[in-house]
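Keep in mind that what you see is a predicted model, and the values were worked out from it rather than measured.
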Amino acid sequence: MITCPKCTKDNQDHYKFCLGCGAELPRDAAPKPFTPQTPPQGVKAVGAPSTPTAAPGAGAPLVQPQPQPTAAPPPQAAPSAAPPHAASQSQAPAGATVTCPQCGHINAPSNLFCGSCGFRLGGAAAPPKAAPQPSASVAPGNVVLTALRADGSEAGTYALPGGTVTVGRETGSIFAGDSYLSPRHATFKQAPGRLTVKDEASLNGVYKKLVRDVPVELHPNDMFRIGQEIIKFEPLASQPVGSDGVERLGSPAKGYVGRIALVIGRDVTGNAFPIPESGVHLGRERGDVLFPEDGYVSGLHCRLSWEGGRLMLTDLGSSNGSFLRLREETDIKSGDVLLMGQQLFRVAV
């Protein structure tokens with residue numbers, strides 16, 4: 001059994017989060033064996049050579065608003081905020097079990113948090129407010145952004161006016177105190193049956209949280225975030241042959257599709273890691289590229305895989321999520337979580 005150092009509740013040895021308070025439980029000194037469950041083209045099992053471990057660090061520095069674009073600050077999220085459908089799991093009949101909506105783990109009805117991923121189930125606690133469920137039709141003027149604190153609790157709400165509205169630091173309300181939001185940061189556009197968000201060339205960008213186990217394509221120079229790490233995908237392009245027919249040194253090696261580079265400042269990247277066609281895993285304890293000192297990165301966080309000539313990013317059920325920076329106007333729906341400035345915002349329609 002593992003005794004929670006925060007609330008002293010006993011938990012089973014394989015639990016990662018306390019069933020009583022949701023705190024992360026102490027881990028063994030040695031990482032657990034890693035057996036990736038990936039398709040045939042995925043990463044080889046433990047024992048195969050892996051890319052060098054990422055240098056410890058706090059990730060990209062926060063950037064105060066400047067005229068030029070730069071990297072975004074690290075997200076301030078601890079355990080992920082409960083999505084709208086979590087309310088339905090708040091109470092269960094006596095003797096029944098509760099299935100975690102995030103990872104599928106079977107929990108006792110008295111559990112407040114999932115023993116596998118730390119997701120808040122509710123259990124004996126008072127049921128949270130029911131949030132609107134996703135709907136196929138968007139009613140103009142009926143969209144609410146809820147700011148989320150680091151512990152997942154709500155910090156305030158903002159009802160978007162109907163039509164097209166731009167929000168940012170100059171909007172006031174829940175946006176006013178965030179100096180990492182640009183004055184005009186993002187534009188929300190409402191129309192019958194559709195809601196979109198567009199980054200207004202903000203300094204620190206707009207990120208959308210990925211759905212676990214759902215691959216999303218990465219395009220050249222796309223940026224994504226895990227924990228405090230801001231990561232950029234850079235394709236490896238072959239260098240042209242010189243006028244005298246001599247090939248350039250440093251041309252991409254066969255079998256590699258690109259590299260990922262850590263963004264450490266405005267248009268500045270740090271450590272870079274090659275991406276083989278077999279793909280790579282990223283995490284804090286297990287995988288090919290590790291961030292051992294970033295407490296916001298899960299033990300095994302996400303996967304990059306090469307599928308049909310496309311590089312796909314998949315969140316593997318991480319506690320704090322993986323976020324993709326938006327490059328164009330993007331459709332959003334109820335329950336989506338956006339990262340803007342230093343804040344997380346849950347969308348409710």
> After noting the C-alpha distance and the side-chain angles of Asp178 and Arg169, does the key distance pass the salt bridge (Lys or Arg N to Asp or Glu O under 4.0 Å) rule?
Replying inline: CA-CA 7 Å; Asp178 191 344; Arg169 197 170 68 252; over 6 Å; no

> Should Ile260 and Val216 be counted in the same cluster of Ile, Leu, Val, Met, Phe, Trp and Tyr side chains packed under 4.5 Å apart?
Replying inline: yes

> Hey, mind stepping through Glu277 and Tyr256 against side chain to side chain contact (heavy atoms under 4.5 Å, CB included) and telling me if it holds?
Replying inline: CA-CA 6 Å; Glu277 293 180 352; Tyr256 290 90; over 6 Å; no

>> Set out, in order, the CA-CA distance, both residues' side-chain angles and the distance that settles side chain to side chain contact (heavy atoms under 4.5 Å, CB included) for Ser322 and His301, then state yes or no.
In response: CA-CA 8 Å; Ser322 303; His301 200 105; 3.3 Å; yes

>> Quick check: do Arg212 and Leu316 have side-chain heavy atoms less than 4.5 Å from each other?
In response: no

>> Let me confirm one number: the CG-CD1 distance from Leu313 to Ile226, rounded to the nearest 0.5 Å.
In response: 8.5 Å

>> In the structure I gave you, are the side-chain heavy atoms of Ile231 and Phe291 within less than 4.5 Å of one another anywhere?
In response: yes

> Do Ile332 and Phe188 come within less than 4.5 Å of each other through their side chains, counting heavy atoms only?
Replying inline: yes

>> Can you list everything that forms a salt bridge (charged side-chain N to carboxylate O under 4.0 Å, His left out) with Lys232? Sequence neighbours excluded, please.
In response: none

>> According to side-chain hydrogen bond (donor to acceptor under 3.5 Å, both in side chains), who are the partners of Asp331, at least two apart in sequence or on a separate chain?
In response: Arg194

> Which pair of non-hydrogen atoms, one from Ala147 and one from Gln343, has the smallest distance, and what is that distance?
Replying inline: CB-NE2, 3.9 Å

> Just by modelled atom types, is the Gln228 backbone N or O under 3.5 Å from a matching donor or acceptor in the Asp294 side chain?
Replying inline: yes

> For Asp222, which residues count as a salt bridge (charged side-chain N to carboxylate O under 4.0 Å, His left out) partner, sequence neighbours excluded?
Replying inline: Arg327

>> So, using ring-ring contact (aromatic ring centres under 6.0 Å, His included) as the criterion, who are the partners of Tyr158 when residues are at least two apart?
In response: Phe175

>> Test: salt bridge (charged side-chain N to carboxylate O under 4.0 Å, His left out). Region: residues 309-322. Which pairs qualify, not counting sequence neighbours?
In response: Glu217-Arg310

> Do Asp288 side-chain atoms and His281 backbone N/O form a donor-acceptor pair below 3.5 Å?
Replying inline: yes

> Does the side chain of Arg259 reach to within under 4.5 Å of the side chain of Leu236, using non-hydrogen atoms?
Replying inline: yes

>> Using the side chain to side chain contact (heavy atoms under 4.5 Å, CB included) criterion, which residues pair with Ala176? Sequence neighbours excluded.
In response: none

>> Determine whether Leu195 and Lys189 satisfy the following criterion, side chain to side chain contact (heavy atoms under 4.5 Å, CB included), listing intermediate values before the conclusion.
In response: CA-CA 6 Å; Leu195 173 64; Lys189 183 182 297 183; over 6 Å; no

>> Test of understanding: with salt bridge (charged side-chain N to carboxylate O under 4.0 Å, His left out), list the residues that count as partners of Glu200, not counting sequence neighbours.
In response: none

>> Under the rule for side chain to side chain contact (heavy atoms under 4.5 Å, CB included), what residues qualify as partners of Asp199, not counting sequence neighbours?
In response: Ser202, Val206, Arg325

> Can you list the residues that meet the side-chain hydrogen bond (donor to acceptor under 3.5 Å, both in side chains) rule with Ser173, with sequence neighbours excluded?
Replying inline: none

> Which value, rounded to the nearest 0.5 Å, describes the distance between His219 atom NE2 and Leu324 atom CG?
Replying inline: 9.5 Å

> Which other residues end up in the same hydrophobic cluster as Val214, if Ile, Leu, Val, Met, Phe, Trp and Tyr are linked when side-chain heavy atoms come under 4.5 Å apart?
Replying inline: Val211

> Which atoms form the tightest heavy-atom contact between Ser153 and Asp151, and what is the distance?
Replying inline: OG-OD1, 2.6 Å

>> Check Glu154 with Arg346, please: is the shortest side-chain N to carboxylate O separation under 4.0 Å?
In response: yes

> Between Gln190 and Leu160, is any pair of side-chain heavy atoms under 4.5 Å apart?
Replying inline: yes

> Val280 and Phe273: side chain to side chain contact (heavy atoms under 4.5 Å, CB included), yes or no, with the steps?
Replying inline: CA-CA 10 Å; Val280 294; Phe273 308 90; over 6 Å; no

> Under the side-chain hydrogen bond (donor to acceptor under 3.5 Å, both in side chains) test, which residues partner Glu170, sequence neighbours left out?
Replying inline: none

> Just how far is it from atom SG of Cys302 to atom CG of Asp213, taken to the nearest 0.5 Å?
Replying inline: 12.0 Å

>> Would you compute the distance between atom CE of Met312 and atom CG of Leu304 and round it to the nearest 0.5 angstrom?
In response: 10.5 Å

> Taking side chain as C-beta onward, heavy atoms only, is Leu262 less than 4.5 Å from Ile230?
Replying inline: no

> Can you name the residues that form a side-chain hydrogen bond (donor to acceptor under 3.5 Å, both in side chains) with Thr157, not counting sequence neighbours?
Replying inline: none

> From Arg286 CZ over to Ser298 OG, what is the distance, rounded to the nearest 0.5 angstrom?
Replying inline: 9.5 Å

> Is the closest side-chain heavy-atom distance between Val263 and Met223 below 4.5 Å?
Replying inline: yes

>> Could you tell me if the side chain of Val98 sits less than 4.5 Å from the side chain of Ile106, heavy atoms only?
In response: no

> So, for Trp306 and Gly309, which heavy atoms are closest and what is the spacing to 0.1 Å?
Replying inline: CH2-O, 3.3 Å

>> Test side chain to side chain donor-acceptor pair (under 3.5 Å) on Glu329 and Thr196; report intermediate values, then the result.
In response: CA-CA 6 Å; Glu329 188 172 3; Thr196 63; 2.6 Å; yes

> Just by distance, do the side chain of His185 and the backbone of Gly205 share a donor-acceptor pair under 3.5 Å?
Replying inline: yes

> So which heavy atom on Pro26 is nearest to which on Ile2, and how close?
Replying inline: CD-CG2, 3.9 Å

>> Once rounded to the nearest 0.5 Å, what's the spacing between atom CG of Leu203 and atom OH of Tyr180?
In response: 10.5 Å

> Do you reckon Ile174 sits in the same ILVMFWY cluster as Val197, going by side-chain contacts under 4.5 Å, direct or chained?
Replying inline: yes

> Mind checking whether Leu145 and Val165 sit in one hydrophobic cluster, side chains of I, L, V, M, F, W, Y counted as touching below 4.5 Å?
Replying inline: yes

>> For Ala261 versus Thr269, what's the shortest heavy-atom pair and its separation?
In response: CB-CB, 3.8 Å

